[in-house]
Amino acid sequence: MFARIENNVSFPKLEQDVLQFWREQNIYAKSLERRQGAESFVFFEGPPTANGMPHPGHCLTRAIKDLFPRYQTMRGKLCTRKAGWDTHGLPVEVEVCKELGIHSKEEIEAYGVEPFIQLCQRSVWRYMQEWERLTERLGFWIKLDEAYVTYHQSYVESVWWSLKQLFDRGLLYQGHKIVWWWAQGGTALSSGEVGQGYKKVADPSVFVLFPLLDTPNTALLVWTTTPWTLPSNQFAAVNPDLEYATVYDALIDRRLIMAKDLVEVISAKIKRELNIESICRGQDLIGKRYRPPFDYYYKTLGEKTGKLRDGGEQHIAWRIAPADFVTTDSGSGAVHEAPAFGEVDFELLQSEQARFVEGQGPELICGVGPNGKFVPEISDFAGKWIKDADKLIVRQLKDKGLLYYQEQYLHDYPFCWRADNDPLIQYPRKSWFIRTTAFRDKMLENNRLIQWFPEHIRDGRFGNFLESNVDWALSRERYWGTPLPIWVCDSSGKMEAIASYAELLDKPGVAGTEVWEAAKQANPDLVDDLKVHKPYIDHITYDSPFVPGARMRRVSEVIDCWYDSGAMPFAQWGYPQSGSEVFQTQFPADFISEALDQTRGWFYSLVAISTMLFEDKPFPRPFRNCIVLGLMLGEDGQKMSKSKRNYREPNEIFDRYGADALRWYFYAKQPPWTEIRYREQTIKDSIPEFILRLWNVFSFFVNYAISDGFDPAKELRGNLYDLTHAELRSAPSCRPTTERGEIDRWILSELNRLAADVTARMDAYDSYGACQRINDFVDGLSNWYVRRNRERFWSPDKESADKLDAYWTLYECLLTLSKIIAPFVPFISETIWRRLTCDLADRVAESVHLTDFPAADPAEIDSTLSEQMELIREIASLGRAARMEAKLKVRQPLTRVTVALNSKQHLSWLQAHDAILRDELNVKAVKFIADAGEYVTYQVLPNFKVLGPKVGKLLPALKSKLGETKGSDLLIALQQQGHVNVAVDGQTIRLEPEEIQVRMTPKPGWMAAQGHSCVVVLATELTTELIEEGIARDIIRSIQDTRKKLALDYTDRIRVYLASDVEEIQRAVAHWADYIKGETLADTLEWASIESPEKVTCEVGDYTIDLLVEKSLQAQRV
RNA sequence: GGGCGUGUAGCUCAGUUGGUUAGAGCGCGUCGCUGAUAACGACGAGGUCCCAGAUUCGAGUUCUGGCACGCCCA
């Protein structure tokens, strides 16, 4: 027998019980065992960093990540889910620095790299427990105890192996990267740090003359805001698509070239007329040589030329180059290029280099040292701090007659966030790169095969990013990260890559391992994985294979931690040192999901690495389907922020509303890729809207089943497991669907349609659509099936086939539904399943998560019945609307409603089911009519979708023509002839029945409501009899209300005393006494004068009546 | 400055290939039910679909140009 449902259900409490059950019975492990040998559904976990508290955004990611693996597991796939943790990188170092109260690299070095990385290693687990607790509490099933960890030796070695592949294939190279550089601190800053330090400052803005070599007395007018970069000038850039003017400046007797659109602006600045002499396109200026303002480099390299790739020869520098970033927003339309001090400028250098034969093109010129002071070659300013040199440089320009105009320029410029008087400069640093550009087309090709949700990511954000791919700057001059596994010969500079620690130890003459050994001896608790990290790994050297007597030493850098996470498809298994077999079966992933910010992060690193390493695989894209989650905002629509407290902590949400409420909110309130506003109220709402509604149906079933002794366990026979329809049929009293009543067949049909629809949508990764269908079904189950069938459950005949049908039908609905919703709301579904099967515990799946996802049985689906039921629900709804309009409450019986139908399709079915409408609308009769000319006017409209393509421009004319014709005449003609001819603009159009649509409008004077497929008309006249019956029902309602206020049990019998002088009421009571007594379980119904303080006064129609209700003694004896 | 996205009811959001009454939930209002009861149901009001042009017989939906907001990159 089922256990009674407690009155005050607490979902968080239920969830705790479920969690305990899952833990004790290892349900997750069993769900995997059950699928051993089955086809895989591969899921990759994008590793989070556990050095910060998890917040609601992480809950969303983890909820989505849980949904599809659970679903696919129930669908029969084997979906192992290996957790992972991202542990390297700058954020970890920053956290540790904060604790130590230090900032710069010097301070880290002073503190000691060895203790520093030991702190880093411990710091990454700081919030581990919170993460694990949240993961479990949310119901995210993943193997936490087998998690991959990016600092583990096996993981690092996998990464090394992959880098060695790239190195050996010539894809890993050293080059320059322009970084934001803090000269005083001697370190590069991350973009996040740079973003923190912008200030508004005034810098010099100078217009400088670059005299052209081959055009006499003519100079290019060049603009810059950083005079200190002029000595390092290599090019001048113009936009080839802009128009440039040659103007004559009489005052200095020179011709100047500048953007045509800026002539006026500049003329206004210098306050004199500039006459345009000629105009050309920027394209025509490309290649012209000029003399730079300073000749520190020009004097040796100025005449140097190099061979071009496509033949010919050209000067390597100091000529005009094309650049589309040049605009006419400010300046002169020509820009000075010092590639050392700007990223776009550096790119320009690279594209120039690319035009030359290897080794013949321009080299980077950098006249400033890492300390921000000029190098000795810049003899006039050597040793000067760059900003201090600005003035001197401008003065020199003036002396040389090259300064055309100078002003102050107000703009935002980044400063160091730790020392806010130190300006940052863009500065070239040696860096390691991966030649990803060589794989651009392959990556694009792979990208095209990925299913992105939403779709626009593919050609939008991600596709664009790939299109404009630049080589991956891999190295970081930091401490806590995967060391770059490259050793350099200290004599020849030749290099090789190492794939594992063992390989390193096998090298001839290896030395330096004692540093690690000593550390381990001093502190045996030291994690062994640290031996492949800085500083220990840096001490390991070996004999150079290139130069006898020389040694190989590791380069100092670590790598970008995005490379770590992008390597997870193989590194999580330690491949290829171990895990080859499992890697083969677990690549690529069927499904991954992260938020939008991972587009250029994890999604890119996965695609890039897999494309480069697994070219030979038939399927080198690392994942097939990817849901890109929207960003989550706080309650106020702003970014979530701890300090603003604009969101409630996940743990509090779990305690107040439960994990299911949160999950349902994530899945059912919006598609996952939209921006989500995290609102506590909306999370709370998912309880009454869905979870509680479902629970009420379940509780209704259980409580009645208990009182009626309906006990499936006693009847079910044979092999049971899933309690599918077929298994339920083993019970003798469980009749075939075809033998059950129509409403049972209807809800079972809906149930099977639901299973089919949810399967289709989930297979297409449309979780939002799936939830909408589930919601619709639960609504129909609760507000139509249960409501329409309550009386069947109350029926006193416990053995009647009809009553048993009702029980079996509702039982099946709840069982199947619990399986369908299991991936979404795993807790309540588990509770419902287990309580519905409590007496079958050893004969069926112990957990709903160990069942198969319900398969729809097409034989159970009756789509005609669905349509019919929908229609009758629409009619009932329209009838209520009409009553509302007429201010006739449902308690007042009426003689008749008339339903005018658009189509006769379901007429006979409706006629056979008028009892439902009589009951729902409280009327004595329902009349269906096809020709409702008496009540409505017909308006005939073209069927636009069909006629649009057929008649095109005539459509508006046809529409008004149809409007002029009397609708009912047209319809009759159509019915009689099968078609109708309409003359429009001199043409005759033959209309078929399906080419028109009919709209009915109630005629004035009737109480009617109009829907899509019918009009419902109310007969509003009231007879004495109807009024009396209405009064009786009012009285019943009042008595029931009083019963409730007296807290009577629903089986208690009562005595009722009434007092009223109104004749109508007295007549009504006399007439309907038995009915009233029956409905209210009253033994007696007497007129009396009531003096008791218990007396209640009720409104009945236009009058009032006094009532006294007493519990009947007789009843107490029963 | 560039790329991408978003803009629909008081709020949160749907709206599939263009088709003529633009939907849901919450909130609000009115009413009902009282044997699912610390529940439940019905009905209603509420919309210049950001703006302006264009394409089309027809645009919330397609195109162009704005505006606002967000994210990423510079």
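Naming: A, B, ... by sequence-line order, numbering from 1 per chain.
With no hydrogens or angles considered, no side-chain donor-acceptor pair links Trp452(A) and Asp459(A) at under 3.5 Å. Side-chain atoms of Trp784(A) and Asp779(A) form no donor-acceptor pair, as typed in the model, at a separation below 3.5 Å. In this structure, a donor-acceptor pair under 3.5 Å is absent between the side chains of Thr437(A) and Asn469(A). Between the side chains of Gln681(A) and Asp685(A), at least one donor N or O lies within less than 3.5 Å of an accepting N or O.
Residue Trp695(A) contributes atom CH2, which lies 18 Å from atom P of A36(B) at whole-angstrom precision. Straight-line distance from the NZ atom of Lys669(A) to the P atom of G25(B): 10 Å, rounded to whole Å. The interatomic distance linking Tyr765(A) (OH) with U16(B) (C1') rounds to 21 Å, in whole Å. Note: CZ (Arg787(A)) to P (A36(B)) measures 12 Å, nearest angstrom. The interatomic distance linking Leu596(A) (CG) with C69(B) (P) rounds to 19 Å, in whole Å. In this structure, Gln670(A) places its CD atom 16 Å from C1' of G5(B), rounding to the nearest Å. Between the CZ atom of Arg788(A) and the P atom of A36(B) there is a distance of 14 Å, given to the nearest Å. Put simply, NE2 on His456(A) is 16 Å from P on C72(B), counting in whole angstrom units.
Rounded to whole Å, the separation between the P atoms of U16(B) and C28(B) comes to 31 Å. For the P atom pair drawn from U20(B) and A42(B), the interatomic distance equals 26 Å after rounding to whole Å. Taking the P atom of each, G10(B) and C67(B) are spaced 26 Å apart, rounded to whole Å. Between the C1' atoms of G19(B) and A24(B), the separation comes to 23 Å (whole Å). U30(B) and U12(B) have their C1' atoms separated by 25 Å, with the value rounded to a whole Å. To the nearest whole angstrom, the two C1' atoms, one in G60(B) and one in G7(B), are 12 Å apart. For the P atom pair drawn from U48(B) and U34(B), the interatomic distance equals 40 Å after rounding to whole Å. Taking atom P in both G46(B) and A39(B), one finds a spacing of 30 Å when rounded to whole Å.
Considering only the side chain of Pro671(A), C13(B) comes nearest among A36(B), C13(B), G19(B). The side chain of Leu1081(A) sits closest to G35(B) out of A36(B), G35(B), G19(B). Nearest nucleotide to the side chain of Asn696(A), out of C71(B), G25(B), C40(B): C40(B). In this structure, of G44(B), G19(B), G3(B), it is G44(B) that holds the atom nearest to the side chain of Ala881(A). Counting only heavy atoms from C-beta on, Gln1040(A) has its side chain closest to U34(B) among C4(B), U34(B), G19(B). Of the listed nucleotides (C40(B), C71(B), C4(B)), C71(B) has the atom at the smallest distance from the side chain of Leu631(A).
Between Arg693(A) and G41(B), a side-chain N or O to OP1/OP2 separation shorter than 4.0 Å is present. Close to A14(B), at under 4.0 Å from its OP1 or OP2, lies a side-chain N or O of Thr674(A). OP1 or OP2 of C31(B) has not a single side-chain nitrogen or oxygen of Arg883(A) nearer than 4.0 Å. The phosphate of G41(B) has OP1 or OP2 within less than 4.0 Å of a side-chain N or O from Asn783(A).
Positionally, the nearest nucleotide of RNA chain B for Leu941(A) lies more toward the 5' end than for the other of Asp1034(A) and Leu941(A). Between Asn703(A) and Gly460(A), the residue anchored nearer the 5' end of RNA chain B, judged by the nucleotide with its closest heavy atom, is Gly460(A).
Taking the side chain as every heavy atom from C-beta outward, Leu941(A) and Leu962(A) never approach each other to under 4.5 Å. Looking at heavy atoms from C-beta onward, Arg693(A) lies out of side-chain contact with Phe698(A) at the 4.5 angstrom threshold. Residues Arg883(A) and Asn922(A) have side chains in contact (heavy-atom distance under 4.5 Å, counting atoms from C-beta outward). The closest side-chain heavy-atom distance from Ile832(A) to Leu836(A) is below 4.5 Å.
Taking the six-membered ring for Trp, Phe346(A) and Phe341(A) have ring centres at least 6.0 Å apart. Two rings, from Phe462(A) and Phe603(A), have their centers 6.0 Å or more apart. Taking the centre of each ring, Tyr657(A) and Tyr665(A) stay at or above the 6.0 Å mark.
Across the strands present, G53(B) finds its partner in C63(B); the criterion is a Watson-Crick or G-U wobble pair with both atom distances under 3.5 angstrom. When both distances must be under 3.5 Å, the Watson-Crick or G-U wobble mate of G29(B) is C43(B). Across every strand in view, G70(B) sits in a pair with C4(B) that passes the Watson-Crick or G-U test at under 3.5 angstrom.
Between the side chain of Arg600(A) and the base of C73(B), no donor-acceptor pair of N or O atoms lies under 3.5 Å.
If you check every strand for non-hydrogen atoms under 4.0 Å, Asn464(A) touches sugar and phosphate atoms only. Nucleic acid contact for Val786(A): base, since at least one base atom lies under 4.0 Å from a heavy atom of the residue. Residue contacts for Val946(A): at a heavy-atom cut-off of 4.0 Å it reaches no nucleic acid atom on any strand shown. Residue contacts shown for Arg880(A) are limited to sugar-phosphate atoms, with no base heavy atom under 4.0 Å away.
Shown for residues 953-961 of chain A: residues whose heavy atoms fall under 4.0 angstrom of RNA chain B, namely Lys953(A), Leu955(A), Pro956(A), Lys959(A). Non-hydrogen atoms lying under 4.0 Å from RNA chain B are contributed by Tyr768(A), Gln772(A), all within residues 766-777 of chain A.
Asn775(A) contributes no side-chain N or O that, together with a main-chain N or O of Cys771(A), makes up a donor-acceptor pair within less than 3.5 Å.
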Review point. Is there a side chain to side chain donor-acceptor pair (under 3.5 Å) between Gln772(A) and Tyr768(A) once you walk through the steps?
Key: CA-CA 6 Å; Gln772(A) 285 184 315; Tyr768(A) 176 68; 3.2 Å; yes
